[in-house]
Amino acid sequence: MHILILGGTTEARALAGLLHGDTGVRVTSSLAGRVASPRLPAGEVRIGGFGGVDGLVAWVREHGVDAVIDATHPFAERISFNAARAAASAHVPLLALRRPGWVPVAGDDWHSAASLEEAAGALDGLGDRVFLTTGRMGLAAFADRPEWFLVRSVDAPDAPMPARTETLLDRGPFTLDGERELLARHRIDVLVTKDSGGAATAPKLTAAREAGIPVVVVRRPPVPEGVPVAATPEEAAAWVLRR
């Protein structure tokens, strides 16, 4: 059985590790190539795009893929919808592996946004020093904002970006003590994040709650209609092994 994992996430690497040791399963993980030095999973790895839906269909057929697992970032909307269309065209089953989203608790001051553009607009009156943790792409949505921004990303962000920006290149997981210190050192008074879910980057939410800092949370896009969802790598591995 040949499984194609559309990866790049912690969950994708964990799933590849779970399946790689099974002698009846061949695992190929596909990484988009947007991170300069990605953490490579177990098994076979390919890096780069497929060239849209038709390219993915052709690759699946040429390499005898029996099932596809979309374990991309919860905000990788384009590849998720391309995967759904390609799996339907190639007549192979598709599963989405999605870590659960974050849920506010008592003491949180969250402001929901449907997009980065809406998140930028939500900053009015919330603060003057913004900790922006939405990744290196999409900063154009904040380019005209007057606030000072601390932008944290794995690789250097793309222009355009806010005029008053300091860049912090770092990769999670992050600790609560580290996030507390960062917020205090940079005098952050508002946090902007995507609802990526998971534990690796969640400490910033706790640190913001403790400091009484408002958080603008960009809601994640939905999984394509009709695609089953697994919440953990273990659930996804069980789905594969039942086939």
Side-chain angles (χ1 to χ4, degrees), residues 1-19 25 27-35 38 41 46 49-57 59-60 65-104 110 112-119 133-135 137-138 141 172 192-202 205 215-243:
M1 181 189 306
H2 187 189
I3 303 299
L4 173 63
I5 300 175
L6 305 177
T9 60
T10 301
E11 291 76 18
R13 290 192 298 275
L15 175 60
L18 289 172
L19 295 176
V25 180
V27 180
T28 300
S29 295
S30 178
L31 309 182
R34 292 178 177 174
V35 176
R46 67 172 303 280
F50 291 95
V53 174
D54 291 342
L56 180 52
V57 170
W59 199 95
V60 165
V65 170
D66 297 292
V68 177
I69 298 181
D70 172 16
T72 56
H73 191 278
F75 282 83
E77 187 173 10
R78 177 179 297 178
I79 185 59
S80 292
F81 277 87
N82 283 353
R85 293 173 58 193
S89 296
H91 303 291
V92 296
L94 170 68
L95 176 74
L97 173 54
R98 292 288 185 274
R99 68 189 78 147
W102 291 318
V103 178
W110 285 15
S112 180
S115 64
L116 290 175
E117 290 74 17
E118 191 172 306
T133 65
T134 56
M137 303 177 69
V192 180
T193 187
K194 293 177 177 178
D195 180 17
S196 301
T201 60
L205 301 173
V215 181
V216 179
V217 181
V218 181
R219 300 189 299 273
R220 59 175 61 179
V223 171
E225 186 175 356
V227 176
V229 179
T232 67
E234 291 76 15
E235 288 181 22
W239 179 87
V240 169
L241 297 177
R242 287 197 301 267
R243 309 213 68 80

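Predicted model only: the values in this text are computed from it and were never measured. As a basis for the values below, the full set of heavy atoms in this structure was taken, side chains included, without hydrogen atoms, waters or symmetry mates.
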Check [X] against [Y] and note the closest heavy-atom contact, atom names and distance.
X      : Y      : answer
Val227 : Val223 : CB-CG1, 3.9 Å
Ala84  : Leu94  : CA-CD2, 3.5 Å
Gly8   : Ala12  : N-CB, 3.9 Å
Val192 : Ala119 : CG1-CB, 4.2 Å
Val92  : Val65  : CG1-O, 3.5 Å
Ser112 : Arg219 : OG-NH1, 2.7 Å

Chi angles and distances behind the side-chain contact (heavy atoms from CB on, under 4.5 Å) call for Arg78, Phe81: CA-CA 5 Å; Arg78 177 179 297 178; Phe81 277 87; over 6 Å; no

Donor-acceptor pair between Arg98 and Ser80 side chains, under 3.5 angstrom: yes

Trp59 and Phe50 aromatic ring geometry - parallel, tilted or perpendicular at 30°/60° bounds: perpendicular

Between [X] (side chain) and [Y] (backbone), is there a donor-acceptor pair under 3.5 Å?
X      : Y      : result
Asp195 : Trp102 : yes
Arg46  : Gly49  : yes
Thr9   : His73  : no
Thr28  : His2   : no

Euclidean distance, Arg13 CZ relative to Leu31 CG, rounded to 0.5 Å: 9.0 Å

Point-to-point distance, once rounded to the nearest 0.5 Å, from OG1 of Thr201 to NZ of Lys194: 11.5 Å

Pairwise side-chain contact, Leu6 with Ile69, heavy-atom cut-off 4.5 Å (strictly under): no

Beyond-backbone contact of Thr232 with Glu11, side-chain heavy atoms, under 4.5 angstrom: no

Steps toward side-chain contact (heavy atoms from CB on, under 4.5 Å) verdict (Leu4, Ser30): CA-CA 7 Å; Leu4 173 63; Ser30 178; 4.1 Å; yes

Stepwise side-chain contact (heavy atoms from CB on, under 4.5 Å) check, Leu97 with Asp70: CA-CA 6 Å; Leu97 173 54; Asp70 172 16; over 6 Å; no

Intermediate values then yes/no, side-chain contact (heavy atoms from CB on, under 4.5 Å), Leu205 and Thr193: CA-CA 9 Å; Leu205 301 173; Thr193 187; 4.2 Å; yes

Atom CZ of Arg85 with >12 non-hydrogen neighbours under 6.0 angstrom: no

